[in-house]
Amino acid sequence: MPRTLDGQITLEKTPSYFVTREAPGRIHGMSPDTKLIVVVRNPVTRAISDYAQTLSKTPGLPSFRALAFRHGLGPVDTAWSAVRIGLYAQHLTNWLRLFPLSRFLFVSGERLVSDPAGEVGRVQDFLGLKRVVTDKHFYFNATKGFPCLKKAQGGSRPRCLGKSKGRPHPRVPEAVVRRLRDFYRPFNRRFYQMTGQDFGWD
Ligand SMILES: Nc1ncnc2c1ncn2[C@@H]1O[C@H](COP(=O)(O)OS(=O)(=O)O)[C@@H](OP(=O)(O)O)[C@H]1O
């Protein structure tokens, strides 16, 4: 991590930190006062999004169903990373051994799309920053189907996230989605209890 001067905040982001066993110990060893921001989304949609990303790089990948269930029909395959990552309560347990809950901000991936200014407002408050980024910085881009920035920093043109963000998801049979939703329900409930936040995925 680069050195941080007074009045500066250093941010570092990698999605895999949250699910990496060694990450809490290493980050705590570096600075136990680190603030932790976790963006979470419905684990079923997250798994399909994860699959869509892998599929875009691996044509001929087996179907989502074949990967999500052992032998294609059996129990949910928690060894598949797209499934395992969505077990948020389990990953959070690992972090709470070292960091108190007050050090975390949980951002809703769904609200980041439906109300980006609201979620970014919570992030600014959590970091002790003035609410500089507000409603007036975003607009809904109908072509992209997502909110975008009216102006990129230092530029004058609108800016959306790149092609790999907000890509279409492959169609997954309703029965598969239902089974996964049932599978995640108890883990989601546990996660809501742990965080004191209901993300509304069930
Ligand atoms: N404004 C805006 N524009 C585009 N996409 C948005 C936006 N806000 C949130 N999202 C959601 O971000 C999802 C991609 O982020 P990831 O977490 O997969 O990113 S990362 O590659 O792991 O860094 C991406 O997931 P997919 O829709 O599955 O591509 C989006 O749902």
Side-chain angles (χ1 to χ4, degrees), residues 13-21 23 36-96 101 104-116 118-119 122 140-148 160-202:
K13 77 111 194 172
T14 302
S16 55
Y17 286 149
F18 186 55
V19 300
T20 301
R21 278 223 142 257
L36 302 155
I37 301 175
V38 188
V39 183
V40 283
R41 141 192 221 191
N42 185 327
V44 180
T45 330
R46 208 216 73 80
I48 298 171
S49 168
D50 195 320
Y51 175 78
Q53 183 156 343
T54 311
L55 188 64
S56 72
K57 296 177 197 155
T58 326
L61 193 69
S63 69
F64 181 87
R65 182 209 298 258
L67 294 168
F69 305 113
R70 274 187 254 153
H71 319 296
L73 283 169
V76 172
D77 191 352
T78 52
W80 185 32
S81 63
V83 166
R84 190 180 62 85
I85 291 171
L87 299 170
Y88 303 139
Q90 291 192 0
H91 305 304
L92 183 58
T93 300
N94 192 29
W95 285 86
L96 291 178
L101 191 65
F104 287 85
L105 178 73
F106 298 96
V107 171
S108 155
E110 286 80 13
R111 281 202 301 271
L112 207 49
V113 176
S114 63
D115 177 19
E119 283 307 278
R122 292 179 64 236
F140 184 79
N141 183 308
T143 314
K144 176 96 183 159
F146 282 92
C148 297
C160 296
L161 291 180
K163 277 201 204 90
S164 67
K165 313 281 173 193
R167 54 158 77 87
H169 287 180
R171 219 193 72 76
V172 173
E174 186 49 39
V176 171
V177 170
R178 214 174 312 118
R179 269 199 69 192
L180 269 186
R181 214 186 285 139
D182 291 345
F183 165 77
Y184 277 118
R185 191 167 296 112
F187 296 99
N188 290 346
R189 297 249 162 99
R190 178 93 192 92
F191 184 64
Y192 301 167
Q193 277 170 358
M194 291 169 89
T195 57
Q197 257 175 270
D198 183 339
F199 290 87
W201 299 320
D202 307 291

* Asked: What distance separates Tyr184 OH from Leu87 CG, expressed to the nearest 0.5 Å?
  -> 5.5 Å
* Tell me, please, which residues at least two apart from Arg46 pass side-chain hydrogen bond (donor to acceptor under 3.5 Å, both in side chains). => Asp50
* To do: Work out which heavy atom in Gly109 is nearest to a heavy atom in Arg41; give both atom names and the distance.
  => CA-CB, 4.3 Å
* Least distance between heavy atoms, Leu112 atom then Pro147 atom -> O-CG, 4.1 Å
* Structure fact -> Sequence neighbours excluded, the answer for side-chain hydrogen bond (donor to acceptor under 3.5 Å, both in side chains) partners of Arg111 is Glu119
* To do: May I have the step-by-step check of side-chain contact (heavy atoms from CB on, under 4.5 Å) for Thr93 and Met194, ending in yes or no?
  => CA-CA 9 Å; Thr93 300; Met194 291 169 89; 3.4 Å; yes
* Pair Leu67-Thr54, side-chain contact (heavy atoms from CB on, under 4.5 Å): steps then yes or no -> CA-CA 12 Å; Leu67 294 168; Thr54 311; over 6 Å; no
* side chain to side chain contact (heavy atoms under 4.5 Å, CB included) with Tyr88: which of Phe106, Phe187, Phe18? -> Phe18
* Where at least one partner belongs to residues 66-77, residue pairs that pass salt bridge (Lys or Arg N to Asp or Glu O under 4.0 Å), sequence neighbours excluded -> none
* If you measure from NE2 on His169 to CG on Leu55, what distance do you get to the nearest 0.5 Å? -> 11.5 Å
* Asked: CZ/Arg189 to CZ/Arg185 distance, rounded to the nearest 0.5 angstrom?
  -> 6.0 Å
* Just how far is it from atom CD of Gln90 to atom CZ of Arg190, taken to the nearest 0.5 Å? -> 10.5 Å
* Residue pair Val83 / Phe183: nearest heavy atoms and the distance that separates them -> CG1-CE2, 4.1 Å
* To do: Tell me, please, which residues at least two apart from Ser16 pass side-chain hydrogen bond (donor to acceptor under 3.5 Å, both in side chains).
  => none
* Non-hydrogen side-chain atoms of Arg167 and Lys163 separated by less than 4.5 Å -> no
* Structure fact -> Tyr51 and Pro62 have their tightest heavy-atom pair at OH-O, 2.7 Å
* To do: Over all heavy atoms of both residues, which pair between Leu73 and Phe69 is shortest? Give the atoms and the distance, please.
  => N-CB, 3.9 Å
* Asked: His91 side chain to Arg84 main-chain N or O, any donor-acceptor pair under 3.5 Å?
  -> yes
* Heavy-atom check, side chain of Leu92 versus side chain of Phe191, under 4.5 Å -> yes
* Does any non-hydrogen side-chain atom of Val40 lie less than 4.5 Å from one of Thr195? -> no
* To do: Would you check if the side chain of Thr14 reaches a backbone N or O of Tyr17 as a donor-acceptor pair within less than 3.5 Å?
  => no
* To do: Flag the pair Arg179 and Asp182 as a salt bridge only when some basic side-chain nitrogen lies within less than 4.0 angstrom of an acidic carboxylate oxygen.
  => no
* Structure fact -> For Asn42 and Glu110, the nearest pair of non-hydrogen atoms, with its separation, is N-OE2, 2.7 Å
* Asked: Ser49 side chain to Thr45 main-chain N or O, any donor-acceptor pair under 3.5 Å?
  -> no
* Asked: Taking Lys144 for the side chain and Leu161 for the main chain, is one N or O donor matched with an acceptor at less than 3.5 Å?
  -> yes
* Output all residues satisfying salt bridge (charged side-chain N to carboxylate O under 4.0 Å, His left out) with Asp115, sequence neighbours left out; order by chain, then residue number. => none
* Asked: Partners of Trp80 by ring-ring contact (aromatic ring centres under 6.0 Å, His included), sequence neighbours excluded?
  -> Phe64
